[in-house]
Protein chains: 4
Amino acid sequence: MGITSRKEREKEQRRKSILKAATEVFFEKGFQQASMDMIAERSQLAKGTLYLYFKSKEDLYLALMEDGLDILHNMFDEAIEAGESIEEKVRNVTKAYYGFTQTHHDYYQVMMMMDSGLLSDKVDQNQLQHIRLLQMSGVEKLQKVVEEGISQGHYEPSTDAKILVLMAWAATWGAIMLSTEKRKILPMFSDIDTEQFVLEISDRMTRSFQVKKSDKNDAST
Amino acid sequence: MGITSRKEREKEQRRKSILKAATEVFFEKGFQQASMDMIAERSQLAKGTLYLYFKSKEDLYLALMEDGLDILHNMFDEAIEAGESIEEKVRNVTKAYYGFTQTHHDYYQVMMMMDSGLLSDKVDQNQLQHIRLLQMSGVEKLQKVVEEGISQGHYEPSTDAKILVLMAWAATWGAIMLSTEKRKILPMFSDIDTEQFVLEISDRMTRSFQVKKSDKNDAST
Amino acid sequence: MGITSRKEREKEQRRKSILKAATEVFFEKGFQQASMDMIAERSQLAKGTLYLYFKSKEDLYLALMEDGLDILHNMFDEAIEAGESIEEKVRNVTKAYYGFTQTHHDYYQVMMMMDSGLLSDKVDQNQLQHIRLLQMSGVEKLQKVVEEGISQGHYEPSTDAKILVLMAWAATWGAIMLSTEKRKILPMFSDIDTEQFVLEISDRMTRSFQVKKSDKNDAST
Amino acid sequence: MGITSRKEREKEQRRKSILKAATEVFFEKGFQQASMDMIAERSQLAKGTLYLYFKSKEDLYLALMEDGLDILHNMFDEAIEAGESIEEKVRNVTKAYYGFTQTHHDYYQVMMMMDSGLLSDKVDQNQLQHIRLLQMSGVEKLQKVVEEGISQGHYEPSTDAKILVLMAWAATWGAIMLSTEKRKILPMFSDIDTEQFVLEISDRMTRSFQVKKSDKNDAST
DNA sequence: TATGAATGAGAATTCATTCAT
DNA sequence: AATGAATGAATTCTCATTCAT
């Protein structure tokens, strides 16, 4: 048993180290340009060995996606946990997402890649389904928070929690993509604090659903 | 004379038909997966012929991008022209962008791909520069409208036109990406009218910069 | 008739201009690297037109060889004519050959190319035979001169004219190739006057067959 | 240990067998006409395998050149070693060179090709430099022998060793080229013993520098 | 006759995957 | 389990030649 579990730990260890190498290479080269040779070299293993752990390049990529999503969702859970008010919880999730794109920049980029261009011919459909579910669950977590907020009178009673979440999500996502991808193109971006930008856009979007007291809503850059 | 122009027209015609085929294939397969063979077959031409019109696969791709951006920017100009009030102009641009993603869905998708990972090694740098400029100019057009709106007292005097535009743009872009790309993933999206969703998110974002009268702003889905 | 001959002259003219362009391009690029496109462009004609005058790239190449050999042999004839003594005639031929490699450097290079690498699959065998004959005739002309020299007692009576000519030819050819092709490799060549070198090697070779006043050093085959 | 060396030997073996196949194909077709497909087929390997051993067609060609030059220079060394007198040493080198062109005829032909038109764009410049050096070193070895001969009074004291060597070399090379390449063209060659021809031309050339017993025939540069 | 657009066979090279050791 | 040599299908691009105008 001890032996078995040590072996299993070693196996898991090796799996992780392959994933790490793959993430780096995918990030640096993009999915297509990355070759199994590069990943093998980076992970200090023989090419054949990769196929003992992942049955194809696509499979490796999906595993990596799952990994990234796991990290992200743990960050979400902590973010929601840590927030005391509804407002803070929502804000924390935005922060968490932004934080993920910064501290796990390679994971983020690699995950972004996926949306355009992976052909799922040889892809394990079960695994794909699992990833889809993970992607959804982030939104669902946020939705629960908002529903609580509605019932607490924090948002307009007529608010559709789903719509609110999707809009906040869309705005946040758009802001992050705009900041990270277009920074190179749009010089106007050069003097903007990205985190502020992302947080403010999320704030403005969620606040537009909030109940107005007598009014002193406004936002400063 | 007649002959020259007929020949030229035919050449242009063929160029267009290659671009059309290429757009389809790039859209279906992604840039990397799309092969010149596929494009040749789709356009009913021999492989070599493609190289008479475009000097490389990258070149073909860039030409296609330019084409798409041209269409988009014409739509923007008309949108701004057609709007009577500031509010309407901004709204029209959002509509135009959304419309573009729908009526030229393949162009849109292909343009989205670009951001992740085209190898600019063999790419004509002048052409690339031109594309960058086109991409920027859309934002700039909107910025002019907003600046006018600020000076007309339509938006808070303290508003930074650039920030407003970038936020509106980010939100709109995020909304469109979310709706088009994630529709397949998020079942919660199934009963949402996409155009409404996109317009509303843009509205909410811009309205958050507007001067509040005494207040009765709200939005229903 | 006038019309016919004008047309024929024009045709011949065009043929020549294609050959000229081809020589330049073959010289600059080598046979394989030279493309019919380049030759067409250089000769200011359409690609298709080349095929009205030469039935293939190989054919064009052979025509060019013939042209070069014609020039060379005219130079030989003049060289022999101009020489007053046997010695001078032989020397003049060497000079003429060297001169050809200098003033018609591109022809010379292009002719050298042929020896290595042309596949005669699609080549007109009659034309090839003609070229072979031309190549031989230079040697034959020289041989006649030497035979005269032997009968005049200029060379050892036992001399085999054929051997003398072949040896002189080999030495001259080797010297020219060494000087032109190896100059880039052998730095030791840098301070040698090529023409002197070539003439001297030919001299030494032929003189070794000459009758020695008081001596009798000789070589038997 | 045993395993490692066996594997290495096998690898070297395969490398050699590729080189062998390549030499044959290059010889038959010339560099440009030879395709990696042909070489793969000839060596009974898959095309991709070739690229495990040589990184490009050019690389393969250069490796082959180096191999051939190595053989040639070993033959030179032995030739010089084996000769007892100066005269014999020089003669042996000529013999060795001729021998090489006969026993390694394909190597010789392939090496001859090089001089006309290898594209050095993608070629490893270090390797190219090495080849240039090897090509030179043959001449240098001979030069040393001749210098010794001069100091021993074997050649005219005024003799420039460099000139003597270059002339002997040129004559020998010319003779070999004439005999091998033109044999097909010049029927007059048919009844000549090639080796005799080559040796004699070399003899005549070197002897023309030798001190004459009772005589004083000489040549001025 | 002259043109030049179109062709398509063929070239070098890459790389995911397999499999004997 | 781990290796890494071998594979060969697939990819981009070239270019001699043809042929409708």
**Note: C:Arg15-C:Glu10 ion pair, threshold 4.0 Å (strictly below)** = no
May I ask you to decide whether C:Lys20 forms a salt bridge with C:Glu24, counting only side-chain N to carboxylate O separations under 4.0 Å? yes
Comparing A:Asp37 with D:Asp37, nearest DNA chain E nucleotide closer to 5' gives the residue D:Asp37
[N] phosphate, OP1 or OP2, under 4.0 Å from [X] side-chain N/O:
{"X": "C:Tyr53", "N": "E:dA2", "value": "yes"}
{"X": "A:Lys11", "N": "F:dA1", "value": "yes"}
{"X": "C:Tyr51", "N": "E:dA2", "value": "no"}

For residues 43-53 of chain A, the side-chain hydrogen bond (donor to acceptor under 3.5 Å, both in side chains) pairs (sequence neighbours left out) are A:Asp37-A:Lys47
- Message: Are there over 12 heavy-atom neighbours, none belonging to B:Gln13, within less than 6.0 Å of that residue's CD?
- Response: no
Applying side-chain hydrogen bond (donor to acceptor under 3.5 Å, both in side chains) to B:Glu41 and not counting sequence neighbours gives none
Sorted by chain and number, sequence neighbours left out, side-chain hydrogen bond (donor to acceptor under 3.5 Å, both in side chains) with B:Lys11 holds for none
Rounded interatomic separation in angstrom, taking [atom1] from [X] and [atom2] from [N]:
{"X": "B:Lys57", "N": "E:dT13", "atom1": "NZ", "atom2": "P", "result": "19 Å"}
{"X": "C:Ile39", "N": "F:dC15", "atom1": "CD1", "atom2": "P", "result": "12 Å"}
{"X": "A:Gln32", "N": "F:dT11", "atom1": "CD", "atom2": "C1'", "result": "11 Å"}
{"X": "B:Phe54", "N": "F:dT12", "atom1": "CZ", "atom2": "P", "result": "16 Å"}
{"X": "D:Met36", "N": "F:dT11", "atom1": "CE", "atom2": "C1'", "result": "16 Å"}
{"X": "A:Lys29", "N": "E:dT14", "atom1": "NZ", "atom2": "P", "result": "13 Å"}
{"X": "B:Phe26", "N": "F:dT11", "atom1": "CZ", "atom2": "C1'", "result": "13 Å"}
{"X": "C:Glu58", "N": "F:dC15", "atom1": "CD", "atom2": "P", "result": "15 Å"}

Correct closest heavy-atom pair for A:Glu66 and A:Ile131 would be CG-CG1, 3.5 Å
Sorted by chain and residue number, the ring pair (Phe, Tyr, Trp, His ring centres under 6.0 Å) partners of B:Phe27 (sequence neighbours excluded) come out as B:His105
The dot-bracket string of DNA chain F, counting Watson-Crick and G-U wobble pairs with both distances under 3.5 Å, using [ ] for crossing pairs and | for pairs to another strand, is .||||||||||||||||||||
Q) Do C:Asp70 and C:Leu134 have side chains that get closer than 4.5 Å, going by heavy atoms? A) yes
For nucleotides 7-9 of chain F, tabulate all protein N/O to nucleotide N/O atom pairs closer than 3.5 Å, reporting atom names and distance.
unit_1: F:dT7; atom_1: OP2; unit_2: D:Ala46; atom_2: N; d: 3.0
unit_1: F:dT7; atom_1: OP2; unit_2: D:Thr49; atom_2: OG1; d: 2.6
unit_1: F:dG8; atom_1: N7; unit_2: D:Gly48; atom_2: N; d: 3.4

When C:Ala34 and B:Ser35 are each assigned the nearest nucleotide of DNA chain F, the 5'-most assignment goes to B:Ser35
